[in-house]
Undergrad: 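Can you keep this structure in mind? I'll have questions shortly.
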Amino acid sequence: MNEILMRDETLFKNPEVFEFDYVPDILLFRDSQLQSLKFNIFPALKGLSPINTILIGPPATGKTSAVKILFRELEEEEKIYTAYVNCNIDHTRHLVFSRIFREIFGFSPPSSGVPFSQLFEKIMSRLSRERKPLIVALDDAGALFHEKELDSVLNSLLRAYEMFEGVKVGVIAVFSEPDFRSLMSSKSVSIFQAQEISFPPYKKEEIYGILEKRVFSGLYSGVMGDEILEKIVEETEKVGDLRFGISMIKYAVLYAEKNARRRVVEEDLAFAVEESQKHIFTSILSSLNEKELKILEKISEVEEDVINSGELYRAVKEEIEMGYTRFYESLNKLDNMRLIHMDFTGRGHRGRTRMIRLRYPKEIVRESLKMMMR
Ligand SMILES: Nc1ncnc2c1ncn2[C@@H]1O[C@H](COP(=O)(O)OP(=O)(O)O)[C@@H](O)[C@H]1O
Ligand SMILES: [Mg+2]
C-alpha cells in the first residue's frame, strides 16, 4: 500500500464517533448501572410508578450516555412519555417545563409569556387523561441549583399526582457534584426518595478499552498503533476526563491526514494534546454562566500560578456584584467541573481560605474565554 495519503482520501471510517454528543451502542463497564436504571424505570411500562433515581459521578463517566441509551430503547414505546432535559440549557423551572411540553405535545408552547401554571396544567391534564407515565431526565440537575430552581422543579414534578388524578412521574436526576444532597432542601429529599446509582471514574484499563473500541469503530485499521494509543491513554488519565482521549484521537488523526500520513506518529500527539485542551475547554465553558466565567477570567489573569480565595473574591467584586456565599458556590462548581484545583490553607475566615490554581494552561483559558465572550 502506498505510504502517502492522497488528498481526497481519509483515515476516518466513521468520523462521528469522535463527537462529544455521540451515543455509543454499548456502554462498556457500565452493565450494572444500566441494569439498575432499567430496573427502576421499567415498572412504568406496566403502568406502575417508576422508582426515582439519581445518577452520580464525576464528568465523563457515562451518565448522559446511560440516560440516552435508556431513552433510545424506550423511543418506540407507546405506553410512556420520556423527556430529556439538559439543565445547563434549560436552567429554570419554566424552561424545564417548556421542554417537557415539547416532548409530550410534539410542538413548542407559544414562547411569549405563557405562565408556568398554564404549562403545568396542560402537561398534567394530558398525562392524567391518557394515564401514561412520564419519565423526566434532569441531566446536570446541579445547574438548576445555581439558579435555585431545583427544589421547585422537583416539587412540581413529584407532587403533581396530588392535584391530577392518576398522574405518574418518575425523575432521573444526574449530578456530578459529590455534595449533591446539599443542593436540595430536606423537604425535596424526602419527597424525592431517590435510589442512587454511582458512576465511578474509569480506571486506566477501562479508559484503554473504551478508546480502543472508538479507534476500531471510527478509524481504518492500521491508522493508530497500540503504542500511540497507549500514550493517549496516559495523557487522558492525567487530565482525568475521557473526552480528552476521544478528542486526542480525532486531532492526532486530522494532523496525520494534513501531513499526508497513513498512520499516526508520535509527532502528531503534541498537536493533538494542545487542540484537545482547547476543544474540551470550550465545551466545558459553554455550561458556565457569566459570573462563573468572570471568576475564571480573574484566575487566569494573576501573575503567579496560584491565588488565594480572599484575594480572588476582592478582584471579582471590583467588577461584578457577587455575594460571598454565591462566590463559594461558584468556586465549588469550577472545581467539580475540573477547571480548577483548590487546596485548603486552614487560614482565613473559619479556615475557609483556599489556594486556587487552573488545571489548564493559562493561555488556553484566556484564549477560549476571549472567544466565548465575543
Ligand atoms: N462506558 C463507556 N463506553 C463508551 N463510551 C463512553 C463510556 N463512558 C463515557 N463514554 C464516552 O465519553 C464521553 C462522555 O460521556 P458522558 O456520557 O457524556 O459522561 P457524563 O454524562 O458522565 O459526563 C461521551 O463521548 C461518551 O460517548
Ligand atoms: Mg453528562
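For ligands, and for the atoms within them, numbers begin at 1 and follow the listed sequence. One-based numbering along the sequence shown. In this text the structure is predicted, and so the values were computed from the model without any measurement.
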Undergrad: Any atom of ligand 1 sitting under 4.0 Å from a heavy atom of Phe20?
TA: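 The answer is yes: ligand 1 sits under 4.0 Å from a heavy atom of Phe20.
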
Undergrad: Please list the nearest protein heavy atom to atom 8 (N) of ligand 1 with its residue and the distance rounded to 0.1 Å.
TA: Tyr202 OH, 2.6 Å

Undergrad: Give the atoms of ligand 1, by number and element, whose distance to some non-hydrogen atom of Arg243 is under 4.0 Å.
TA: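 Under 4.0 Å from Arg243, ligand 1 has these atoms: 13 (C), 14 (C).
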
Undergrad: Under 4.0 Å from ligand 1, counting heavy atoms only, is it the side chain of Pro24, its backbone, both or neither?
TA: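 Looking at Pro24 and ligand 1, just side chain atoms fall under 4.0 Å.
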
Undergrad: What are the atoms of ligand 1, with element, lying closer than 4.0 Å to any heavy atom of Pro59?
TA: 23 (O)

Undergrad: Do Phe244 and His279 have their ring centres less than 6.0 Å from each other?
TA: no

Undergrad: Between the side chain of Ser188 and the main-chain N/O of Met184, is any donor-acceptor distance below 3.5 Å?
TA: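 No; judged by distance alone, with no hydrogens or angles, the pair does not exist.
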
Undergrad: Quick one: nearest non-hydrogen protein atom to atom 22 (O) of ligand 1, plus distance?
TA: Lys63 NZ, 2.6 Å

Undergrad: Please check: side-chain N/O of Tyr251 versus main-chain N/O of Val273, any donor-acceptor pairing under 3.5 Å?
TA: no

Undergrad: Please classify the Tyr22 to ligand 1 contact at 4.0 Å (heavy-atom distances, strictly less than): side chain, backbone, both or neither.
TA: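 For Tyr22, the contact with ligand 1 is made by the backbone alone.
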
Undergrad: Between Tyr161 and Lys168, is there a cation-pi geometry (under 6.0 Å to ring centre, at most 45° from the normal)?
TA: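 No, Lys168 does not lie over the aromatic ring of Tyr161.
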
Undergrad: Answer with yes or no whether Arg214 contacts ligand 1, where contact means a heavy atom under 4.0 Å from a ligand atom.
TA: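 Arg214: in contact with ligand 1 (<4.0 Å).
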
Undergrad: In this structure, does ligand 1 have an atom that sits under 4.0 Å from one of the heavy atoms of Gly57?
TA: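 Under 4.0 Å: no for Gly57.
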
Undergrad: Dump the intermediate steps for side-chain hydrogen bond (donor to acceptor under 3.5 Å, both in side chains) on Ser217 and Asn14, then the final yes or no.
TA: CA-CA 7 Å; Ser217 48; Asn14 208 349; 5.9 Å; no

Undergrad: Determine whether the aromatic ring centres of residues Phe107 and Phe101 are separated by less than 6.0 angstrom.
TA: yes

Undergrad: Specify the protein heavy atom at minimum distance from atom 3 (N) of ligand 1: its residue, its atom name, and the distance to 0.1 Å.
TA: Leu28 N, 3.3 Å

Undergrad: Quick one: nearest non-hydrogen protein atom to atom 19 (O) of ligand 1, plus distance?
TA: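 So the nearest neighbour among protein heavy atoms is Gly62 N, 3.1 Å.
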
Undergrad: For ligand 1, does Ile210 get within less than 4.0 Å through its side chain, its backbone, both, or neither, judged by non-hydrogen atoms?
TA: side chain

Undergrad: Would you confirm whether Arg366, through its side chain, and Ser300, through its main-chain N or O, come within 3.5 Å as a donor-acceptor pair?
TA: yes

Undergrad: Is it true that Arg314 and Glu311 have a side-chain N and a carboxylate O under 4.0 angstrom from each other?
TA: no

Undergrad: Under 30°, 30 to 60°, or over 60°: which ring-plane class applies to Tyr255 and Phe271, parallel, tilted or perpendicular?
TA: parallel

Undergrad: Are any of the side-chain heavy atoms of Lys63 and Thr61 separated by less than 4.5 Å?
TA: yes

Undergrad: Measure from NZ or CZ of Lys13 to the centre of the six-membered ring of Phe216, then state whether that distance is under 6.0 Å and the direction lies within 45° of the axis.
TA: yes

Undergrad: Of the side chain and backbone of Lys213, name the one, both, or neither that has a heavy atom under 4.0 Å from an atom of ligand 1.
TA: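 Neither part.
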
Undergrad: Among all the protein's non-hydrogen atoms, which is closest to atom 26 (C) of ligand 1, and how far away is it?
TA: Ser65 OG, 3.5 Å

Undergrad: Could you identify the single nearest non-hydrogen protein atom to atom 18 (O) of ligand 1 and state the distance to 0.1 Å?
TA: Thr64 CB, 3.8 Å

Undergrad: Find out whether the Lys NZ or Arg CZ of Arg214 is both under 6.0 angstrom from the six-membered ring centre of Phe18 and within 45° of the ring's axis.
TA: no

Undergrad: Enumerate the protein N/O/S atoms at a distance below 2.8 Å from the Mg ion (ligand 2), ignoring waters.
TA: Thr64 OG1

Undergrad: Among all protein heavy atoms, pick out the one at the shortest distance from atom 10 (N) of ligand 1; state its residue, atom name and that distance to 0.1 Å.
TA: Leu242 CD2, 3.5 Å

Undergrad: Please work out whether any backbone atom (N, CA, C, O) or any side-chain heavy atom from C-beta onward of Ile246 is under 4.0 Å from ligand 1, and answer side chain, backbone, both or neither.
TA: side chain

Undergrad: Could you tell me whether Glu367 and Lys370 make a salt bridge, using a distance below 4.0 angstrom between a side-chain N and a carboxylate O?
TA: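 Salt bridge between Glu367 and Lys370, a charged N being under 4.0 Å from a carboxylate O: no.
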
Undergrad: Is there a polar contact, in the sense of an N or O pair closer than 3.5 Å, between Thr61 and ligand 1?
TA: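 Yes - when backbone and side-chain N and O of Thr61 are compared with those of ligand 1, one distance drops under 3.5 Å.
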
Undergrad: Got a salt bridge between Arg30 and Glu206, using NZ or NE/NH1/NH2 to carboxylate O under 4.0 Å?
TA: no

Undergrad: Quick one, Ser247 with Glu275, criterion side-chain hydrogen bond (donor to acceptor under 3.5 Å, both in side chains). Give me CA distance, side-chain angles, the key distance, then yes/no.
TA: CA-CA 8 Å; Ser247 167; Glu275 285 304 308; over 6 Å; no

Undergrad: Looking only at protein heavy atoms, identify the closest one to atom 23 (O) of ligand 1 and say how far it is in Å.
TA: Ala60 N, 2.7 Å

